[in-house]
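Okay, so here's the structure we're looking at.
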Number of protein chains: 2
Amino acid sequence: MSKIKENSTHQANKNSLGEICAEVYAINLLSGQWTLAICCHLFEGRLRFGELKKRIPQITERMLTLQLRKMEEDGLVTRTVYPEVPPRVEYELTESTHELKPIFQQLQAWGDRHKARL
Amino acid sequence: MSKIKENSTHQANKNSLGEICAEVYAINLLSGQWTLAICCHLFEGRLRFGELKKRIPQITERMLTLQLRKMEEDGLVTRTVYPEVPPRVEYELTESTHELKPIFQQLQAWGDRHKARL
DNA sequence: CCGTATCCACCATGATACTG
DNA sequence: CAGTATCATGGTGGATACGG
């Protein structure tokens with residue numbers, strides 16, 4: 001269990017900054033390679049595994065699984081399995097994650113402004 | 001030149017999301033392993049290379065150099081070399097980066113709330 | 001003091017094939 | 001449909017030593 005360990009990347013920030021720079025925690029959660037892609041699609045509503053795959057064509061099934069599992073572990077998404085045949089699994093953002101939307105929008109605005117200055 | 005290429009991580013998000021998820025651009029800039037640590041220390045003011053090193057004890061000189069170069073390339077910091085002996089180099093956040101501070105604070109608040117819910 | 005150069009290990013990701 | 005298993009790889013960062 002827990003092949004996906006604590007996300008080795010960025011650990012050092014936590015240690016080196018402690019309370020001074022706690023937003024590191026947030027960035028750590030969000031900086032998985034596909035995390036934001038998945039979030040963006042789930043902002044619109046719950047989606048099935050296959051639907052996510054269709055919307056993010058470059059992702060492999062393996063990576064989609066791994067990312068979703070990690071996000072579940074991190075409390076970013078909920079996973080609902082319907083005991084049907086054929087199997088159906090739906091993913092949905094948690095309340096917490098929905099609260100990120102306004103922050104994302106500001107970040108996007110900042111990114112646009114910053115890009116324009118370069 | 002340019003050993004530090006475009007930060008291979010997260011490229012796929014850009015491609016797969018395009019305009020839909022432009023905040024990926026911002027996260028990409030900020031998700032270097034030491035980027036946030038450096039930002040946090042520079043929020044207080046300009047610092048010399050050695051001062052940064054002292055404040056982030058775990059970082060190696062190599063990584064500090066690489067990160068600062070990348071951040072310079074990305075327009076996040078400015079690097080000022082004083083032609084003195086012994087050499088003196090100071091780093092400072094750009095205007096853009098200073099504008100991130102309120103967003104960081106919200107992110108930190110979100111992180112704290114989220115952590116508390118788990 | 002402020003870096004570069006070199007070597008190396010590991011982990012995250014990709015590709016492919018298979019399954020309940 | 002929604003995954004797992006397995007193998008391969010290369011990028012990213014650590015350690016160490018050296019240089020202007």
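Bear in mind the structure is a predicted one, so any value in this text is a computation, not a measurement.
Of the candidates C/dT13, D/dA2, C/dT4, C/dT13 carries the atom nearest the A/Met63 side chain, counting heavy atoms from C-beta on. Between D/dG3, C/dA15, C/dC1, one nucleotide has an atom nearer to the side chain of A/Thr60 than all others, and that is C/dA15.
Considering only side-chain N and O atoms, A/Arg48 lies nowhere under 4.0 angstrom from the phosphate OP1 or OP2 of D/dC1. Taking side-chain N and O atoms only, A/Arg79 has a distance below 4.0 Å to OP1 or OP2 of D/dG3. A close approach under 4.0 Å does not occur between any side-chain nitrogen or oxygen of B/Tyr91 and OP1 or OP2 of C/dC2.
The CH2-P distance, from A/Trp34 to C/dT13, rounds to 9 Å in whole Å. If you take CD of A/Glu84 and P of D/dC1, they are 13 Å apart, rounded to a whole angstrom. Look at CD on A/Gln33: it is 13 Å from C1' on D/dG10, rounded to the nearest Å. Rounded to an integer number of Å, the gap from CG of B/Leu68 to P of C/dG3 is 8 Å. Going from atom CZ of B/Arg69 over to atom P of D/dG13 covers 16 Å, rounded to whole Å. Rounding to whole angstrom units, CD of residue A/Glu90 and P of D/dA2 are separated by 9 Å. Rounded to a whole Å, the CG atom of B/Leu66 is 15 Å from the P atom of D/dG11. What separates CD of A/Gln58 from C1' of C/dG14 is a distance of 13 Å, to the nearest Å.
Tested against A/Asp74, the residues A/Glu72, A/Met71, A/Lys70 include a single side-chain contact (heavy atoms from CB on, under 4.5 Å) partner, A/Lys70.
By the side chain to side chain donor-acceptor pair (under 3.5 Å) test, A/Lys53 pairs with A/Glu61, sequence neighbours left out. A/Thr94 meets the side chain to side chain donor-acceptor pair (under 3.5 Å) test with A/Thr97; sequence neighbours excluded. Residues passing the side chain to side chain donor-acceptor pair (under 3.5 Å) test with B/Glu84, sequence neighbours excluded: B/Arg88.
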Please test B/Ser96 against A/Arg117 for side-chain hydrogen bond (donor to acceptor under 3.5 Å, both in side chains), starting from the C-alpha separation and ending with a verdict. CA-CA 9 Å; B/Ser96 274; A/Arg117 289 184 199 176; 2.8 Å; yes
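Comparing the local axis fitted to the first five base pairs of the helix from C/dC1-D/dG20 to C/dG20-D/dC1 with the one fitted to its last five gives a bend of 50°, rounded to 10°.
Using modelled atom types and a 3.5 Å distance limit, the side chains of A/Gln67 and A/Thr35 yield a donor-acceptor pair.
Atom CD of residue A/Glu73 and atom CG of residue A/Leu68 lie 12.5 Å apart, to the nearest 0.5 angstrom.
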Just list the side-chain donor-acceptor pairs under 3.5 Å for residues 43-52 of chain A, sequence neighbours left out, or say none.
unit_1: A/Arg46; atom_1: NH1; unit_2: A/Tyr82; atom_2: OH; d: 2.9
unit_1: A/Arg46; atom_1: NH1; unit_2: A/Glu90; atom_2: OE1; d: 2.3
unit_1: A/Arg46; atom_1: NH2; unit_2: A/Glu92; atom_2: OE1; d: 3.1
unit_1: A/Arg48; atom_1: NH2; unit_2: A/Pro87; atom_2: O; d: 3.4
unit_1: A/Glu51; atom_1: OE1; unit_2: A/Arg48; atom_2: N; d: 2.7

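Linking ILVMFWY side-chain heavy atoms closer than 4.5 Å, directly or via other members, places A/Val77 and B/Leu118 in a single hydrophobic cluster.
The residue among B/Val81 and A/Pro87 whose nearest nucleotide of DNA chain C lies closer to the 5′ end is B/Val81.
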Scan nucleotides 6-8 of chain C against the protein and return all N/O pairs shorter than 3.5 Å with their distances rounded to 0.1 Å.
unit_1: C/dT6; atom_1: O4; unit_2: B/Arg62; atom_2: NH1; d: 3.1

